[in-house]
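Starting from 1, each residue takes its place in the sequence as its number.
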Amino acid sequence: MTLFVLPNDLEVSRLGIIATRRLGGATRRNRSKRLVRELFRLNKSRSGLDIVVMPRPGFSDAPFASLEADYRTALRRHERHR
């Protein structure tokens, strides 16, 4: 997955999902979006961020624990570069 993180000057964080047809049919795209929403919900970051996630092909087939580890790593990387 590709993750874009930007500050938004709000008290809440917002999530955006880019699920293109390269992921597959509508069912696979919707599953990918559900997985991204669950990652966002379970791994609350500090408030005031706009987080945009672009799943890559094979995203919905990966184990959730692996996706969660990648998501957390990307958020930590952003925190270090602030």
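Annotation: side chain of Leu3 is not in contact with side chain of His78 (no heavy-atom distance under 4.5 Å). Within the 4.5 Å cutoff, the side chain of Leu6 has no heavy atoms near those of the Asn8 side chain. Side-chain contact check for Phe64 versus Leu39: some heavy-atom pair is nearer than 4.5 Å. Side-chain contact between Ser60 and Leu35 is present, with at least one heavy-atom pair separated by less than 4.5 Å. Annotation: side chain of Ile51 is in contact with side chain of Leu75 (closest heavy-atom distance under 4.5 Å).
By the criterion of side-chain heavy atoms lying less than 4.5 angstrom apart, applied directly or through intervening Ile, Leu, Val, Met, Phe, Trp or Tyr residues, Ile17 is not grouped with Val52; the two fall into different hydrophobic clusters. Taken together through direct or relayed side-chain contacts under 4.5 Å among Ile, Leu, Val, Met, Phe, Trp and Tyr, Val5 and Met1 form part of one hydrophobic cluster.
Here Arg34 does not pair with Glu38 in a salt bridge; the nearest charged N to carboxylate O distance is not below 4.0 Å.
One finds the CD atom of Glu68 at 6.0 Å from the CG atom of Leu42 (value rounded to the nearest 0.5 Å). One finds the CG atom of Leu67 at 9.0 Å from the OG atom of Ser32 (value rounded to the nearest 0.5 Å). Annotation: the span from Leu23 atom CG to Arg56 atom CZ amounts to 9.0 Å, rounded to 0.5 Å. Put simply, CZ on Arg37 and CG on Leu15 are 8.0 Å apart, with the number rounded to the nearest 0.5 Å. From Phe59, atom CZ reaches atom CZ of Arg28 across 12.0 Å, with rounding to the nearest 0.5 Å. Atom NZ of Lys44 is separated from atom CG of Leu49 by 11.5 Å, given to the nearest 0.5 angstrom.
Checking side-chain atoms of Arg29 against main-chain N and O of Gly24 turns up a donor-acceptor pair under 3.5 Å.
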